[in-house]
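To start, the structure itself, in structure tokens.
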Amino acid sequence: METFGARLHRAVAERGPLCVGIDPHPGLLARWGLSDDVDGLDRFARTVVDALGDRVAVVKPQSAFFERFGARGVAILESTIRQLRDRGSLVLLDIKRGDIGSTVRAYAEAYLDPSRPLYVDAVTASPYLGVGSLAPMFELAAEHGGGVFVLALTSNPEGPEVQHARTSDGRTVAQTVIDEISQLNAGAEPLGSFGLVVGATIGDTGHDLSRVGGPLLAPGLGAQGATAADLRTVFGASLPAVLPSYSREVLGAGPDVAALRAAADRALAACKAVVPVAG
Ligand SMILES: O=c1ccn([C@@H]2O[C@H](COP(=O)(O)O)[C@@H](O)[C@H]2O)c(=O)[nH]1
């Protein structure tokens, strides 16, 4: 069984370092001339899949925008995941789940067990009930070749009040998350399956990402104000592990498929100028 880290490494080598989100905001649905209902959601998601599913390394549906429509929205999410997989992009589902361990096990089964309808390549997870509470997610990911991206230094301005707080040993909360995830990836080649979320907006915070050994998802580009050039400041020597992520910046070019592709190509070109890709 090929690990998520190995699949991601290959996908980035083939398609380039880019993740595009599917975030059907009400405002974007309106701009695309779509209704803010399940029909609009379905058309939006299908258009993104048709435009990008066969050319972008990773596509990241944002679960919240599908959950807005209840069971029918989740059914569209299921179908979107299948369509993306058929077109060859890796699917990273942005759910940011976290809970006590026994409940985390159920989340892990929902998203990382290949027999389940919402099975994806990787998910995002929140470590704020303690990184250890996510252990069932790490175990199931390891068993089935999945990946988990854990929030470390998020792109929003409110993040530092929690993430930069100091623990009793003097490290920041974020650094403890970074260090625990680094241990999970020890010895993994060419890339570990356990990643971190580190916003492109955060500037140079002095956190040590040098031993992570897994992918670093960088949201915050485009609509939140960060540029590809900012990745240099945030990641420094860890740039080769960075997976830049854009949602609204690319989606805003729709609904025309050619325009969406052109926007993704522009984003990729900007990232390629900064993020070195191993062959
Ligand atoms: O720190 C984080 C973690 C996750 N996100 C998510 O990424 C996208 C960003 O969308 P844009 O339109 O490119 O701003 C969205 O789904 C967030 O929930 C993040 O922004 N920051």
Side-chain angles (χ1 to χ4, degrees), residues 17-32 41 44-45 48 51-52 56-68 73 77 80-81 84 89-98 111 120 122-128 134 147-164 172-174 177-178 181 194-203 205 207 209 212 214-231 234-235 241-254 260 263-264 266-268 270-271:
L18 181 65
C19 169
V20 176
I22 306 184
D23 294 49
H25 287 261
L28 277 174
L29 291 170
R31 268 176 66 185
W32 283 34
L41 176 72
F44 188 99
V48 179
L52 305 180
V56 172
V58 180
V59 177
K60 182 175 77 65
Q62 171 51 262
S63 184
F65 291 108
F66 294 82
E67 292 173 38
R68 276 181 80 224
L77 176 59
T80 303
I81 291 166
L84 287 168
S89 58
L90 296 177
V91 185
L92 164 58
L93 186 58
D94 200 342
I95 46 167
K96 297 185 187 69
R97 296 291 194 260
Y111 303 111
V120 286
V123 293
T124 54
S126 170
Y128 297 114
L134 297 174
V148 182
F149 287 82
V150 178
L151 303 178
L153 291 156
T154 57
S155 65
N156 57 316
E158 302 85 359
E161 96 188 35
V162 174
Q163 296 151 15
H164 293 192
T172 65
V173 169
V177 174
I178 294 165
I181 297 305
F194 302 105
L196 292 167
V197 179
V198 177
T201 47
I202 65 172
T205 62
H207 286 85
L209 295 164
V212 177
L216 302 169
L217 181 74
L221 293 156
Q224 293 177 53
T227 65
D230 292 327
L231 296 171
V234 177
F235 293 99
V242 173
L243 179 62
S245 185
Y246 295 79
S247 298
R248 285 168 288 181
E249 172 83 2
V250 170
L251 300 171
L260 279 167
R266 279 194 300 277
L268 179 58
C271 294

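All ligand and atom numbering here is 1-based and tracks the order in the structure.
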Taken to the nearest 0.5 Å, the spacing of Ile81 CD1 from Tyr111 OH works out to 8.5 Å
Residues Val177 and Val150: closest non-hydrogen pair is CG1-CG1, 3.8 Å
Residue, atom and distance of the protein heavy atom nearest atom 18 (O) of ligand 1 read Gln62 NE2, 3.0 Å
At under 4.0 Å between heavy atoms, what of Thr154 touches ligand 1? The answer is both
Quiz item: So, does Ser245 use its side chain to make a donor-acceptor pair with the main chain of Ala218 at under 3.5 Å?
Solution: no
With heavy atoms and a 4.0 Å threshold, my read on which part of Pro219 contacts ligand 1 is side chain
Exactly one candidate in Val58, Val123, Leu84 meets side-chain contact (heavy atoms from CB on, under 4.5 Å) with Val91; the answer is Leu84
Give a yes-or-no answer on whether the side chains of Gln224 and Thr201 include a donor-acceptor pair shorter than 3.5 Å. no
Ser63 and Leu77 have their tightest heavy-atom pair at OG-CD2, 3.9 Å
re atom 7 (O) of ligand 1, the protein heavy-atom contact at minimum distance is Lys60 NZ, 3.2 Å
Among Gln163, His25, Arg248, Gln224, the residue with a heavy atom nearest to atom 9 (C) of ligand 1 is Gln224
Quick note on ligand 1: atoms under 4.0 Å from a heavy atom of Val197 include exactly 1 (O), 3 (C)
To the nearest 0.5 Å, atom CG of Leu18 lies from atom CG of Leu243 at 7.5 Å
Going by the 4.0 angstrom heavy-atom rule, the piece of Asp94 near ligand 1 is side chain
Ranked by distance from atom 21 (N) of ligand 1, the top protein heavy atom is Ser155 OG, 2.6 Å
Min N/O separation Tyr246 to ligand 1 under 3.5 Å
no
Heavy atoms of Pro127 and Leu134 approach each other most closely as CA-CD1, 3.9 Å
- Task: Report yes or no: does Val198 have a heavy atom closer than 4.0 Å to ligand 1?
- Result: no
Exercise for review: Indicate whether the side chain of Thr172 and that of His207 have a donor and an acceptor atom separated by less than 3.5 Å.
Suggested key: yes
Q.
With the threshold set at under 4.0 angstrom, would you say Glu249 reaches ligand 1 through any of its heavy atoms?
A. no
Check your understanding: Considering distance alone, does some N or O of Ser247 sit under 3.5 Å from an N or O of ligand 1?
Key -> yes
Ligand 1 to Leu221, heavy atom cutoff 4.0 Å, flagged ligand atoms 13 (O)
For atom 15 (C) of ligand 1, the closest protein heavy atom turns out to be Asp23 OD2, 3.2 Å
